[in-house]
Every structure is written in C-alpha cells, then in structure tokens.
Asker: 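Got a structure for you, questions after.
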Amino acid sequence: MPLSQYLRLMNVMARMALRADAARLFLGYIWWVLEPLLWVAVFYVVFVVILGTRQEDFLPFLMVGKLAFVWFSKSVTQASNAIVTGRGLVGKIAVPKTLFPMAAVQESIYRQAAVFALMFSYVLFEGFALTANWFYLVPLMVVNYIMVISCALVGACLVCIARDFAPLIGLFMMFLMFTSGIFWDVRSLDDPEKIHMILTANPLAFVLDGYRQILLHATPPDMVHLISIGAGFGALFCLMVLIMRKGDKYLALKALTA
Amino acid sequence: MMDDNRAIMLEMDSVYLSYHSGKKTFDDGTHHVLHDVSLRLYEGESLGVIGRNGVGKTTMLRLMAGILAPTGGAVDLTPGKSASLLTLGLGFKQDLSGRDNALLSAMLQGSTRKQAEAFLDEIHEFSDLGDSFFLPVKTYSSGMRARLAFTTALMTHVDILLIDEILSVGDAHFRGKALSAMKNRITGDQTVVFVSHILEQVKQLCDRVLWLDRGRIVALGGAQEVIESYTTAVNKEREVAQ
C-alpha cells in the first residue's frame, strides 16, 4: 500500500471512529472539552478543598502533568486493543496491521488537540506568561508523539498475540502514572542524584517535566536529552513496523482465532 | 470445462492450515483447518465451494485473499492481480451511517476518497436503502445490512472476487436483483470464487465446484456432477441418522 493511501486511510478511520463515538453519546463532541474540565474539577476538590495543598501553583502543576500524561496513556491503551477490536475488518481485508493502532493514535490526536487547547488556556488564565520558550513545545510534542506511536505498536502486537496483555498494559499505565511525577514534583526530591536518575531512566517523566519547565518556568528542556529520547523511540517504531510487516498474517490469524 | 489454456489467476499448492488455540481441547489444542488443498483458479471462471459449516470454506477464501498465510504449502496469486473477500456482517461500524460505512469499505479496498465518493450514488441506488442509507447501521435489519454489504462489494473492482455467503440473505426481490447483477459480472471476465449453501445458486453461477469436508477436498469438477454427489452424500447421511 502506498504511503499516501495509508495515511489517508489512517485519517479516515480515525475520523469515522470519532464520528461514531460522538453519535453514540448524548453530549457528542462536547465531551472532548468536558472530560478534561471534569479532571480539573476532580483535582481541585481532592487536592485544594480536601487536602488543602499549600504548594504554590499546585493546580497548574498538576493539570499540565496529568493532561499531557493522558495523551500517552489513553492513546497507548486504546491502540493496544485496536487490532483485536478491528478483527471484523482483519478477517475481511488484507491491510497492514499497523493501520489499526495508528488510526487509534490518530483518533486520540484529534481529542488531545482539544485537551491541549484547554491546558494552554488554563495556564495563561492562571497568569503564566506566553514566552518564546513555548516554541520548544513543538519538538517536545513531536518526541511525545514518537513515544506514543512506538508504544502503541508494541501494545497492539502484545495484545494481539495474547489477550492477557490488555490488563497488564492497564496496570503498567497506572505504574507510569505514579512513577512519572504527576502528583509530585520530580525536582522537589532531596537527592539530586535521584532526580537525575528518574529523569534519565523514565523518558515519560522527562517529557512531562519538559511541559512544566516550558509552560510554568519558561525554561527550555535539555534538547540533547530530548533528541536522544526521540531517536531511541524512533528506532523502536521502525523496528516494530518491520516486525509487524513480516508477521502481518500471523497477527491476522491470532486476531481471528485466539 | 477444464480449459488449461486459460491464464492461471491463483494457485494453491498442497495447502495446510492449522493453528494453536492455546486451550487444551484436543491434539494439544491444535486445530487443523485445511489439509492438503491444491487447486488452480483460471481467469474468468467461477468456482463454487460447497460443504457443511466449519469445514474450512471461509478460511480458504481468507488464504486466497492474502489475509492469512498457510502453515504448509503455498498460495500464489499471479503478480499484478488483486483478490478481495466479500462477507456479510462483521466489519461494519454500528454507529456510522450506511453511507460512511460504504465509503470506508471502498477506501479499504483501495479506492481513493474521490473514487469512493463516486461509488456512493450507485451504492445508494442499487441497495434500495432509500433514506436509511444515511442512518446508523445499528438501525438496519439483517436484510438491509446484507443489501449494503453486497452492493458495496459489487461496486468495487477487483480481479478475483471471493464471495462468502453474501447472496443468501435479503428479501426475494433484492436476491433476484443481486443474482442477476452477479450473473452479469460473471459472464463478463470476472473471476469468482463463490461460497454458498444454496446449491441452486451455485449451479446457476458456477462452472466448476469444489466440495470441501473437514478441511480436505472431496471432489473438484463440473458443477452438475459434484453437486449431485454432494446431495447424494448428504441425503445418505440423513437416512443413517434417522
């Protein structure tokens, strides 16, 4: 399949899925903005009203971390099930199996666009300045996207081979949520060595921290580190594409019979 | 009937397919779906495939369409030729309209968006769906779904059409219309593999017939004779059962 046809299909499948989803829900597309707004409300109640957190600017800190994390976790979780959920089509047409997770990721990009718009507006509303450093969001989001698609392909393969991986991926997302510094600030740890270790060992922690540095502290991320993360996940993505191309029919058999 | 001068479209050479279901049922959980199946499909012919449920008919079509790979033997599609599988039911997105589903189907079969949109009017017209064409597929009756699936399939152009049970549903009026549309395609130079339980249709549409039982070829030959021996075997089995 030519790349242009592949990309077109990926986009059409994503948009159709969004349309189907909106048609199923009473509030339709309103949910795109409503859901992240509800996140803010929940966090406000828990951390400000109940726990009375004193940390300065805690809510913006939390929002940026959480809403950026949601992109990763939702995309990868949904994409992991994409081949299996799409088995009706898998059994009908010989299309590259990467198309299913890639369309799922594309679908979440549309949703995330609304979430990011809300996140940026919220940050500005809280009085943080719009600086030239915001341009660093572009490479940061590109690297974030490369992380999403490579993990999406890994997840989709694993779940296709054995359904048992689906709950494991859910658990792993929970693990990432707690270890990537969403509710706590990696940089507030006492031991600088530990800070360095977490930001190096967990690329997601680095990326989430990057969003906060840019938006809340007007500081660009460490570009060398960022580019090396991008290169690493880029290599993983290429490897997965090759594996899935080679094992295309094996994955089809697994999706149809397991 | 067996005109070997015609170009070969697709060849199956001693094809086996088995898979491991993971659950220890029998034979260590391995299912043998197809066993030593060999055949040649010639350009312009229509081959019928008959047999009871679960003997490997759909799997055979999936191998021909390049959706699955054989565990043994080889399936060779002549280079440059395309094969497409048409089935009912699965594959539709329930919350999308018939129109959107048709558009997506056509694009998945390789059409560009423009080409696909050009098909839509034809599909709308032929399927007799009227305004329902713009309603979600979940509101459709099974007959309406069948009409949409058949029409979408009919409008796309491929070298080998693999048809799985698609003519056995819908009301009598549409079935007649579908059958004659199918006949038109077949009398042209369309190559067709046709799976059906309705032997009368197979007899009308196919030159050759393949009888499959438990993953093995029982008979492959002229439509008339294979169908006769199949009917005899089924009747005999029924008598024994009684």
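Only this structure's heavy atoms are used, side chains among them; waters, hydrogens and symmetry mates stay out. A quick note: this is a predicted structure, and the numbers were derived from the prediction, not measured. Just so it is clear: chains get the letters A, B, ... in the order the sequence lines come, proteins before strands, and each one is counted from 1.
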Asker: Using 0.5 Å steps for rounding, measure from the CE atom of Met13(A) to the CE atom of Met107(B).
Answerer: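 Here the interatomic distance stands at 10.5 Å.
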Asker: Among Thr58(B), Asp100(B), Leu85(B), which residue has the highest count of heavy-atom pairs closer than 4.5 Å to chain A?
Answerer: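 Among the listed options, the one with the most contacts to chain A is Asp100(B).
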Asker: I need the residue from Ala23(A), Ala252(A), Ala94(A), Gly91(A) with the largest number of non-hydrogen atom pairs under 4.5 Å to chain B.
Answerer: Gly91(A)
Asker: Roughly how far, to the nearest 0.5 Å, is CG of Leu108(B) from CE of Met1(A)?
Answerer: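 Result: 7.0 Å between the selected atoms.
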Asker: Is it the side chain or the backbone of Leu103(B) that comes within 4.5 Å of chain A heavy atoms, both, or neither?
Answerer: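 Interface part for Leu103(B): side chain.
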Asker: Indicate the atoms forming the closest heavy-atom contact of Lys249(A) with Gly66(B), along with that distance.
Answerer: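 Where Lys249(A) meets Gly66(B) most closely, the heavy atoms are CE-O, 3.1 Å.
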Asker: Let me confirm one number: the CG-NZ distance from Asp164(B) to Lys92(A), rounded to the nearest 0.5 Å.
Answerer: 10.5 Å
Asker: In terms of heavy-atom proximity below 4.5 Å to chain A, should Ala65(B) be classed as side chain, backbone, both, or neither?
Answerer: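 When you check distances to chain A, only backbone atoms of Ala65(B) fall under 4.5 Å.
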Asker: Quick one: which of Leu99(A), Leu251(A), Val12(A) has the most heavy-atom pairs under 4.5 Å with chain B, could you say?
Answerer: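 Between Leu99(A), Leu251(A), Val12(A), the count favours Val12(A).
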Asker: With rounding to the nearest 0.5 Å, note down the distance linking CG in Leu89(A) to OG in Ser105(B).
Answerer: 7.0 Å
Asker: I'd like to check Asp21(A) versus Asp95(B) (side-chain heavy atoms, cut-off strictly below 4.5 Å). Are they in contact?
Answerer: no
Asker: Let me know if Leu256(A) has heavy atoms under 4.5 Å from chain B in its side chain, its backbone, both or neither.
Answerer: side chain
Asker: If every non-hydrogen atom of Arg19(A) is compared with every non-hydrogen atom of Leu96(B), which pair is closest and at what distance?
Answerer: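 Where Arg19(A) meets Leu96(B) most closely, the heavy atoms are CB-CD2, 4.0 Å.
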Asker: Report the distance from atom CD1 of Ile93(A) to atom CZ of Arg62(B), rounding to the nearest 0.5 Å.
Answerer: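 Answer for the CD1-CZ pair, Ile93(A) versus Arg62(B), is 11.5 Å.
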